[in-house]
Each structure stands twice: as C-alpha cells, then as structure tokens.
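These numbers come from a predicted model, not from an experiment.
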Amino acid sequence: MQSESESIANLINYLDDDFAKAVNLIYNSRGRLVVTGIGKSAIIATKIVATLNSTGTPSMFLHAAEAIHGDLGMVQPGDVVICISKSGNSPEIKVLVPLLKRFGNPLIGMTASTSSFLAKESDYVLNAYVEAEACPNNLAPTNSTTAQLVLGDALAVCLMELRNFKSEDFAKYHPGGALGKKLLLRVSDMLDATHKPVVSPDASIKTVIMEISEKRLGVTAVVENSKIIGIITDGDIRRMLNNRDSFGDLTAKDIMTQNPKMVKPTDMVVDAFNIMENNSITQLVVANEGHYIGIIHIHDILKEGII
C-alpha cells in the first residue's frame, strides 16, 4: 500500500501541458472518448470509461486486440482516443496506433515510458511513470495500473469542473440505488392515493380511530372545505384516553393539532425526512397551498433505502 501511494504521489511531478491540452481536447470534442488498452490496462480502461460516462463525458471501451479484428468500426470521425499501455510497445499497440492515426482521430497516449512507440506516435502524452511495481518480482501490474487509474480519475474530475457538473447532473446518470433516490425522488413520487386518511372537524372520536386504524399510517388529517386545518396522531388518541374516562362528547377538532408540519409534493423526499428527524415525528402532511394531498411516512422513506 505504501509503495502504491508513493507512486501516486509521484505522478504530480509528471503533470505537464500535455495533460491540460488533453483535457481541453476531450472537452471541446464533438464526438465520444474512446479508451483502449490490452491486458490489465484494458481493465483499467473499462473503469475509466465507466467514470467518464457517469460524469458527463460520453465514452466507450475498445479492446486493443479486438480492434484490429473488426471493432475499429466503433471509432467514428470526431472521436478522441486514449490508448493505455505501460510499456507503450506492446505488439497490439504497435499495430493499432497507425490504424487510428490513419483514421485521423486525435490520439492521447497514457504510458509509463515517454520514449515508447505509443508516446512518440501520440498527439499528447499522459505520463504514468512508476519506478517499480509493488509485486516482489516487479512483474505483476500493481503500481502501474493504480497510476493509470488515478490519471483517469484526474481527467474525469477536470472535465467535471469544466462542465460545472453538479450533484443534480450526477443524479441523472445514477437514478437507481440510494444515491439516485436521494437526489431525484420527490414527495409526490411516494404518495399512495389509496391510503389518504381524512376526517371532518366534527367527526366522532370513534370515526377518527377507525380512520387511523384503516389507513395504517398512525395519523389522519382533519380537513374542512378541502383545506387542512389539523392532524390527529395515534399519540393524540392515547393522550386523550389517559386524560379522560369518556370521549363521547368529543370531536376531531377538540383533539387535533393545529398548524401541522407540512411539505409540498414537489419537495425532495430527503428534505421531508430531515424535517421528521429534526422534529422527532414520523409523518408529514403533504399539501399544495393548503389543499390536502396525502401523508408521507418515515417508514416508506426507510423502505426505499434513501437513508
């Protein structure tokens, strides 16, 4: 680990104008970024492509061996090509590079040898030099592939900066999972119209209890003329029973909580969760300009895996 971390730190010393020019070339390109390599470098290339695609740079992976057997048709005019090779002298690279140059696509070489065939033939060179591998035999790609990975991340981050790529943009490419839901899911996306507990202000306590039990959200809204005027929770019911021996003379408006915490259907679910957490409550009324729409419950949010 120490060996790999030192190799990464040393990469900073090899950054030059070619890196900046390569970033601007990719940024201003009207085509895609094609990343190619062979062996372990090919595996690193697939990760770089995944990172770039998820951060706003359309990219694709081209295996160097398959390229010379038909896959070169993937490369289109206007595409920029990054070729990754530690030695820069692999047989497949020596065959592929002249073909790419014949197509006229700009070529960025990522290599540990600035005197290699790949470096000499590239328009720009990303220096991925490492003194040695962490492998005890100095054979298995370890430090070198880590260096390639870090350079790829550096490209992606610089391109994100140029594009002013925000978390909202990131969410567009990551709609699944907790991250995507946290950035994209709105309250309206979670409302269940079939479970919309509501009673009138003059409803009996029995009616209130039945509505809360039937809808199973632990709460009911109190609505008058389509406007929300309060809520009653199962906690309100328990407190009423503790304080009174009978409740036949009571109605919903007598025990309701006025001015309940509310969110709009366009609010983000994660913001609704924060309101619940900050106020130690488990439900929120959803309303639009005072018009009752439904209830969002903390259990539904947790079930979605957002938090």
Tell me which one of Lys86, Lys47, Lys40 satisfies side-chain contact (heavy atoms from CB on, under 4.5 Å) with Gln148. Lys86
Candidate list Ile44, Val130, Leu149, test side-chain contact (heavy atoms from CB on, under 4.5 Å), partner Ser144, passing option: Val130
Would you mind reporting whether [Y] and [X] have side-chain heavy atoms less than 4.5 Å apart?
| X | Y | value |
| --- | --- | --- |
| His63 | Thr36 | no |
| Ile84 | Val35 | yes |
| Thr266 | Ser188 | no |
| Met190 | Val269 | yes |
| Ile232 | Val222 | yes |
| Arg186 | Asp189 | yes |
| Val34 | Leu100 | no |

For the side chain of [X] and the backbone of [Y], is there at least one donor-acceptor N/O pair under 3.5 Å apart?
| X | Y | answer |
| --- | --- | --- |
| Arg244 | Ser246 | yes |
| Asn225 | Lys227 | no |
| Ser122 | Val125 | no |

Less than 4.0 Å between a side-chain N and a carboxylate O, is that true for Lys264 and Asp267? yes
Please determine, by modelled atom types, if [X] and [Y] share a side-chain donor-acceptor pair under 3.5 angstrom.
| X | Y | result |
| --- | --- | --- |
| Asn89 | Ser113 | no |
| Arg163 | Thr57 | yes |
| Ser7 | Asn10 | no |
| Glu211 | Thr220 | no |
| Thr251 | Asp254 | yes |

Report the distance from atom [atom1] of [X] to atom [atom2] of [Y], rounding to the nearest 0.5 Å.
| X | Y | atom1 | atom2 | result |
| --- | --- | --- | --- | --- |
| Asp234 | Thr282 | CG | OG1 | 7.0 Å |
| Met110 | Phe19 | CE | CZ | 8.5 Å |
| Ile209 | Ile237 | CD1 | CD1 | 5.0 Å |

Listed by chain and number, what are the salt bridge (charged side-chain N to carboxylate O under 4.0 Å, His left out) partners of Asp79, not counting sequence neighbours? Arg32
List the residues meeting salt bridge (charged side-chain N to carboxylate O under 4.0 Å, His left out) with Glu121, not counting sequence neighbours, and say none if there are none. none
Let me have the donor-acceptor pairs involving side chains of residues 292-300, under 3.5 Å, with sequence neighbours excluded, atom names and distances please.
| unit_1 | atom_1 | unit_2 | atom_2 | d |
| --- | --- | --- | --- | --- |
| Tyr292 | OH | Pro197 | O | 2.7 |
| His297 | ND1 | His299 | N | 3.0 |

